[in-house]
Amino acid sequence: MQCVHYVNVFCGSSDFNCNNAKGLSALWEPIKPETGNTHPGAQLPFGRLSVLAYSGAYPTGYGCNLHSSEKNRNKKPSDYMYDRKKIIGLSHIHQSGVGAIGFYYNYAIATCFYGDIMKPTPHNITEEKAVPGYYSATDEETDIKYEATIDEKCAIHRYTFKKDKGRCMIDFSNDGLLIDRTKDFFHKKCGNALIKIRDKNTVTAEVQLHGITLFFCVKCKNSNVRLWKDYKETDETVLITNGEISEAFGCVFDMEENAAELKLSVSLKSEDIAVKHIDECTKTFDELIKEASCKWEDALSKIKIEASDKDKKIFYSNLYHSLTKPSDWAGENMYSDDEDFVVDFATLWDVYKTQFPLIFTIYPEMSKKILSTYLMLKEKIGVMPNTFALNSEMKVEANQARLLSAYMFCDGFYRNIPGVDFDKAVKCLYDELMGDEYKEFFEKGELERTTYTLDVSQSCHNISLVANKIGNEEIFKKLNSYADNVFNAFDKKTGLLKENSRYYEGNHWSYSFRPLHDNKKRIEISGGEEKYLNLLDTFFGFVNPDERYNRFQGFSNETDMESPYAYSYTQKHSRLCEIIDAMNDLFTEDADGIPGNADSGGLTSCYVWNNMGIFPVTGKDIMLIGTPRYKRTEISLNNGNKFVIKKTGEGIYVKNAYLSGRKLDDFSFSVTEMMQGGELHLEMTDIC
């Protein structure tokens with residue numbers, strides 16, 4: 001069976017089933033709502049567009065959740081927006097797996113109906129179906145069937161009306177969710193709009209949303225189109241709005257047949273380009289479904305596993321949700337004439353540890369586009385932001401982390417991404433570090449938050465090593481000595497980060513076990529390995545199981561997802577194996593099978609790495625060995641080489657590890673070695 005057929009696109013789209021947690025995993029303490037926040041919409045790998053039923057719910061515009069909806073095993077469930085899935089119409093462009101980032105897209109809602117135009121209301125969904133590249137749902141009240149598929153630059157809808165005189169209205173004014181606390185924010189970001197009828201079945205719209213001008217083209221054959229404003233039809237062929245909060249605007253198509261197809265495209269550059277995208281989309285609806293499936297198969301089959309069907313379903317569903325973001329908008333660069341342009345880095349801190357290393361290891365073309373986009377941003381706007389999306393605001397949630405682009409470029413360097421000027425990247429990153437934002441770090445040895453000190457000190461170390469490898473001796477010498485500033489963030493009395501700092505989505509325990517450049521010294525700060533192990537055992541629940549404040553968040557959040565690998569630097573690698581084994585209690589292939597925000601692929605790619613049995617130390621030339629779940633894993637690397645992970649024997653514990661015949665006594669190897677291809681042979685045992 002092909003990899004694509006194992007994917008359940010609904011995986012993670014509803015609240016986590018708390019009954020899945022048991023044993024060790026039941027002791028972990030998620031601090032955020034346990035829900036994957038994914039959606040099952042039609043989309044391509046790293047595609048610019050996505051299409052699915054719009055309900056106005058949090059955070060993708062799909063489903064039933066209110067902003068505060070949660071089903072935390074230690075808290076009472078909150079109210080839901082709906083008691084079952086609803087549809088208002090099909091919306092376009094969605095976040096994936098995120099939390100409250102403040103902007104949620106859901107543009108150009110297409111609502112089918114009969115009779116007079118009016119403000120649409122949510123109707124129950126029936127007969128919902130989705131596979132990679134295809135989505136369908138039937139409106140229970142009208143009995144109208146919606147279907148959607150996708151190509152690289154267009155969304156294609158197919159509607160089936162059971163009665164004559166079917167209609168479809170497009171709302172170009174929608175810019176987010178229907179939740180009260182967010183709606184005013186969205187509309188304040190709206191600007192002017194210009195909507196035009198080009199011919200009897202084609203409309204274009206120029207709309208400013210979140211400070212970004214979007215150019216839409218919508219075409220529906222065998223129809224007649226009119227414009228509307230505030231749900232009142234007009235005979236005008238051009239409609240200009242002033243972007244006021246009260247205004248809703250769009251077009252409506254009167255269908256001449258009961259089976260209708262509609263195409264929608266979006267450009268960031270011009271109306272003509274949007275029209276061109278429509279004209280170039282000539283394949284039939286069914287041909288596009290097949291083509292989308294083939295593109296997903298090509299992307300997913302870069303990793304092949306020998307495992308049970310159940311494990312394959314969970315693995316490929318998580319890999320699928322690791323490849324939906326960021327979004328490739330090649331040719332639509334708003335800042336330059338560069339062809340490469342990638343957006344929807346919703347939250348870099350969610351993805352830099354696991355998703356970027358995964359993409360850079362396997363997908364060279366997308367990797368190059370990502371890194372080229374960030375070099376372009378530095379050149380054109382002067383920064384490499386932690387958030388970059390279709391939003392003019394570059395500082396969304398800017399307080400969580402610092403200089404994460406450094407990790408990104410270093411990971412790309414060790415994976416030898418073709419077509420990227422890493423010498424230029426090192427100079428750009430050094431320029432970022434020399435800004436006023438980091439002056440205190442170099443003068444006082446630390447920043448206002450201990451987590452910032454972690455971020456920047458390790459960035460200095462990582463950048464310096466890359467600078468040394470490419471022959472930039474000056475930057476190497478200037479930055480290398482600042483790596484040890486990381487230890488200024490720790491309290492030697494507790495062996496943890498300083499408690500009296502501010503922490504985002506966690507506390508001083510959550511961030512204390514990140515792999516560092518000198519893990520031997522990190523252990524010494526804790527008072528030696530015995531005391532360090534006691535801290536780790538407390539954090540993961542091996543001791544003091546009733547404590548909750550100092551507890552691992554349990555693969556529900558990106559804050560501490562790498563912390564199990566702190567055991568790699570001790571004599572208790574067996575503990576790491578037990579944690580990864582317990583992680584598998586929490587993931588299933590079902591809609592309730594992701595235990596926390598998938599975060600644009602951050603959490604799902606963490607699952608992928610962990611079950612392959614290896615894990616990247618972001619920004620560094622290091623891969624750590626965990627415990628493999630599958631008998632054999634074959635990774636097709638970005639350079640054409642193959643890297644195979646094979647396990648023999650029974651049990652979850654790694655007895656011996658060999659890389660192409662060489663024994664790995666410390667259960668680690670370099671990224672550089674991995675990229676050369678070869679076989680990692682892990683001898684397993686059931687004896688701790």
Side-chain angles (χ1 to χ4, degrees), residues 44-48 152 295 298-303 319 322-323 325-333 335-345 348 351-352 354-380 384 388 404-430 462-463 465-472 475 601 605 608-609 614 616-623 634-644 669-678:
L44 295 177
F46 310 116
R48 65 175 64 177
E152 291 182 359
K295 289 179 178 178
D298 181 62
L300 296 167
S301 64
K302 299 298 183 185
I303 305 177
L319 181 57
S322 302
L323 306 180
K325 297 290 182 180
S327 302
D328 184 357
W329 286 74
E332 299 282 354
N333 198 320
Y335 300 95
S336 76
D337 293 329
D338 295 350
E339 176 70 15
D340 294 337
F341 191 58
V342 179
V343 300
D344 280 354
F345 302 90
L348 225 60
V351 297
Y352 81 102
T354 54
Q355 190 208 30
F356 283 164
L358 183 69
I359 294 172
F360 295 165
T361 298
I362 301 173
Y363 307 99
E365 183 178 351
M366 189 60 187
S367 301
K368 185 253 185 184
K369 291 178 180 180
I370 289 171
L371 296 176
S372 295
T373 295
Y374 261 72
L375 284 176
M376 179 276 299
L377 290 173
K378 176 62 178 175
E379 180 180 354
K380 297 298 181 181
M384 294 182 177
F388 179 63
L404 299 184
S405 54
Y407 296 84
M408 181 169 66
F409 277 99
C410 292
D411 282 332
F413 174 80
Y414 291 119
R415 289 156 179 84
N416 198 26
I417 303 303
V420 178
D421 187 343
F422 286 104
D423 182 63
K424 179 180 178 180
V426 165
K427 293 174 182 176
C428 287
L429 292 166
Y430 180 75
N462 298 340
I463 296 167
L465 294 188
V466 172
N468 189 45
K469 287 180 179 295
I470 63 177
N472 193 322
I475 289 180
S605 56
V608 168
W609 283 115
I614 57 177
V617 179
T618 180
K620 296 177 171 54
D621 192 14
I622 301 171
M623 298 294 299
E634 181 181 285
I635 306 171
S636 295
L637 303 173
N638 67 33
N639 54 16
N641 293 334
K642 305 286 187 182
F643 187 76
V644 174
F669 55 97
S670 69
V671 176
T672 304
E673 290 174 304
M674 178 179 70
M675 299 307 295
Q676 293 171 2

Expected output: side-chain [X] to main-chain [Y] donor-acceptor under 3.5 Å:
| X | Y | value |
| --- | --- | --- |
| Asp338 | Asp340 | no |
| Trp609 | Pro616 | no |
| Asp621 | Tyr414 | no |
| Asp344 | Lys325 | no |

Might you point out which heavy atoms bring [X] and [Y] nearest each other, and give the distance in Å?
| X | Y | value |
| --- | --- | --- |
| Met366 | Ser327 | CE-C, 4.4 Å |
| Asn472 | Asp423 | ND2-OD1, 4.4 Å |
| Pro364 | Ile362 | CD-O, 3.1 Å |
| Leu637 | Met674 | CD1-O, 3.2 Å |
| Val644 | Glu634 | CG2-CG, 4.1 Å |
| Asp421 | Leu375 | O-CD1, 4.0 Å |

Is the shortest heavy-atom distance from the side chain of [X] to the side chain of [Y] under 4.5 Å?
| X | Y | result |
| --- | --- | --- |
| Leu348 | Met384 | no |
| Leu371 | Met408 | yes |
| Phe422 | Asn416 | no |
| Pro357 | Met623 | no |
| Pro418 | Lys368 | no |
| Met675 | Asn638 | yes |

Parallel, tilted or perpendicular, as decided by the 30° and 60° cut-offs, for the rings of Tyr374 and Phe388: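 Aromatic pair Phe388/Tyr374 classed perpendicular.
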
Straight-line distance of [X] [atom1] to [Y] [atom2], nearest 0.5 Å:
| X | Y | atom1 | atom2 | answer |
| --- | --- | --- | --- | --- |
| Phe413 | Lys469 | CZ | NZ | 6.5 Å |
| Ile359 | Ile370 | CD1 | CD1 | 4.5 Å |
| Thr618 | Asn462 | OG1 | CG | 7.5 Å |
| Arg415 | Thr672 | CZ | OG1 | 9.0 Å |
| Ser636 | Asn641 | OG | CG | 10.0 Å |
| Ile635 | Lys642 | CD1 | NZ | 10.5 Å |

Show your reasoning for whether side chain to side chain contact (heavy atoms under 4.5 Å, CB included) applies to Ile303 and Leu358. CA-CA 11 Å; Ile303 305 177; Leu358 183 69; 4.2 Å; yes

Could you walk me through whether Ser605 and Ser322 pass side-chain hydrogen bond (donor to acceptor under 3.5 Å, both in side chains), step by step? CA-CA 5 Å; Ser605 56; Ser322 302; 4.6 Å; no

Check against side chain to side chain contact (heavy atoms under 4.5 Å, CB included), Tyr335 and Leu377: CA-CA 8 Å; Tyr335 300 95; Leu377 290 173; 4.3 Å; yes

Check Lys424 with Glu379, please: is the shortest side-chain N to carboxylate O separation under 4.0 Å? yes

Salt bridge check, Arg48 against Asp328: does any charged N sit closer than 4.0 Å to a carboxylate O? no

Could you tell me whether Glu365 atom CD has more than 12 heavy atoms of other residues or ligands within 6.0 Å of it? no

I'd like to know whether CD of Glu152 has more than 12 heavy-atom contacts from other residues, nucleotides or ligands below 6.0 angstrom. no

Could you check Gln676 against Phe643 for side chain to side chain contact (heavy atoms under 4.5 Å, CB included), going step by step and ending with a plain yes or no? CA-CA 8 Å; Gln676 293 171 2; Phe643 187 76; over 6 Å; no

Could you check Trp329 against Val342 for side chain to side chain contact (heavy atoms under 4.5 Å, CB included), going step by step and ending with a plain yes or no? CA-CA 5 Å; Trp329 286 74; Val342 179; over 6 Å; no

Looking at the rings of Phe356 and Tyr407, which for Trp means the six-membered one, are their centres under 6.0 Å apart?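 That pair fails the under 6.0 Å test.
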
Would you confirm whether the ring centroid of Phe345 sits within less than 6.0 angstrom of the ring centroid of Tyr352? no

